[in-house]
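Since the structure comes first, as structure tokens, the remarks are kept for the end.
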Amino acid sequence: MEGHIQIITAIDHMQQQARRLLQTGKTIAFVPTMGYMHEGHLGLVREGREHGDTLIISIFVNPTQFGPAEDFQAYPRDLDRDVRLAASEGVDIIFAPEAEAMYDTAYQTYVDLELLPRYLCSASRPGHFRGVATVVTKLFNIVKPHVAIFGEKDYQQLVIIRRMVRDLHFDIRIIGVPIVREPDGLAMSSRNAYLSEEERESALSLFQAVQQAEKNVAQGVRDASQLIHEASELIRSYPYTKIEYVALCDPETLKNVDRVDGPTLIALAVWVGKTRLIDNTILEPIEN
Ligand code: AMP
């Protein structure tokens, strides 16, 4: 059902609106996004609806989380379509600020975590999580949510946000939502729009590698290097793929593990042509 959706671009207007909602006793659920919405985002939106009287999403392609050689300019954008989709899912407010307003020319304050950003994606994306933690902090201060929803697709991001919320005493409940996939298993992503038809087939190798690891663990394989090796071989058997990392790590600290002795995160980042894709799951060894 299409409701009345409000689009707010001015930061002070959004803050004023959030204050007004809080004064009238409303709870606010918040879904931060970079837009170009797909079913993955809509899963978060639907979850958000369950957790607040007012549902706010942000659409902001955050320049500080992109490296100089990354796809900030090329990142797909379609605000009109996003507004239609959000309205049809019962979103109350879209906050879509301008980059110049979020970061003025004298801007100099950043939020950085000590350890969690050092693992997985940060080798190839230095500064990425500093940009993420900074923008999420700013958005929390503007939108003033009770609850914020993030996807497990960006697992490292979710762990970092949870840690940051604890460390900085944000009075906000963080909810993680499982990965939403295409019917064939490819994790939904705005960047899937970059893939050619042939690359799209190779992109499936990420999910297949994850599934293979699950199967191996179910059959009793515990050695991390063996699991990583087999996952990597599977991915390499597809054309256009270039592995950035395949890692097995502790789901909370993100430190690498040698063996799967308890719930273990398998996380991967793979280039398919010029598109960087990620996927993950928690491997759960069941002892017989
Ligand atoms: P993005 O617009 O890519 O920054 O994503 C916004 C939010 O949607 C993040 O919390 C992502 O983790 C989440 N998200 C993106 N794709 C998916 C997906 N396929 N399944 C679940 N959550 C997702």
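Start at 1 and go down the list; that is how both ligands and their atoms are numbered.
- Considering His38, Glu39, Met37, Glu152 only, the shortest heavy-atom separation from atom 16 (N) of ligand 1 involves His38.
- Across the listed options Ala187, Ser189, Pro178, Gly43, Pro178 owns the non-hydrogen atom lying nearest to atom 21 (C) of ligand 1.
- Taking the ring axis of Tyr75 as reference, the NZ or CZ atom of Arg191 does not stay both within 45° of it and closer than 6.0 Å to the ring centre.
- More than 12 heavy atoms of other residues, nucleotides or ligands lie within 6.0 Å of CD in Glu152, so this atom counts as buried by the packing criterion.
- By the criterion of a heavy-atom distance under 4.0 Å, the backbone of Pro32, and not its side chain, is placed next to ligand 1.
- For atom 23 (C) of ligand 1, the nearest protein heavy atom (residue, atom name, distance) is Lys153 CB, 3.9 Å.
- Counting heavy atoms under 4.0 Å from ligand 1, residue Arg181 does not touch it at all.
- For ligand 1, the atoms sitting less than 4.0 Å from at least one non-hydrogen atom of Gln157 are 9 (C), 10 (O), numbered in the order shown with element in parentheses.
- Taking distance alone, with nitrogen or oxygen atoms compared against 3.5 Å, His41 approaches ligand 1 more closely than that limit.
- Within ligand 1, the atoms closer than 4.0 Å to a non-hydrogen atom of Met188 are 16 (N), 17 (C), 18 (C), 19 (N), numbered from 1 in the order shown.
- Contact check on Arg236 versus Glu233 returns a salt bridge, with a Lys/Arg side-chain nitrogen under 4.0 Å from an Asp/Glu carboxylate oxygen.
- The protein atom (non-hydrogen) at minimum distance from atom 20 (N) of ligand 1 is Val180 N, 2.8 Å.
- Side chains of Arg20 and Gln17: a donor-acceptor N/O pair is present below 3.5 angstrom, by distance only.
- Interface of Phe150 with ligand 1, defined as ligand atoms under 4.0 Å from a residue heavy atom, comprises 10 (O).
- Among protein heavy atoms, atom 11 (C) of ligand 1 sits closest to Asp154 OD2, 3.0 Å.
- Both the sub-6.0 Å distance and the 45° axial angle are not jointly satisfied by Lys138 relative to the ring of Phe60.
- With atom 22 (N) of ligand 1 as the reference point, the heavy atom nearest to it among Gly176, Gly151, Ser58 is part of Gly151.
- Near Leu44, with a cut-off below 4.0 Å to any heavy atom, the atoms of ligand 1 are 7 (C), 8 (O), 10 (O), 13 (C), 22 (N).
- When only non-hydrogen protein atoms are considered, atom 4 (O) of ligand 1 lies nearest to Met34 CG, 3.5 Å.
- Gln65 and Asn62 are linked by a side-chain donor-acceptor pair at a separation below 3.5 angstrom, with hydrogens and angles left out of the test.
- Counting only N and O atoms by type, the side chains of Thr27 and Asp53 include a donor and acceptor under 3.5 Å apart.
- Between Phe30 atom CZ and Leu139 atom CG the span is 4.5 Å, to the nearest 0.5 Å.
- Relative to the six-membered ring of Phe72, Arg77 meets both conditions, a distance below 6.0 Å and an angle of at most 45° to the axis.
- Closest protein heavy atom to atom 3 (O) of ligand 1: Tyr75 OH, 3.8 Å.
- Ion pairing between a basic and an acidic side chain is recognised when a charged N comes within 4.0 Å of a carboxylate O; Arg181 and Glu39 show no such pairing.
- Interface atoms of ligand 1 facing Ile179, defined by a heavy-atom separation under 4.0 Å, are 20 (N), 21 (C).
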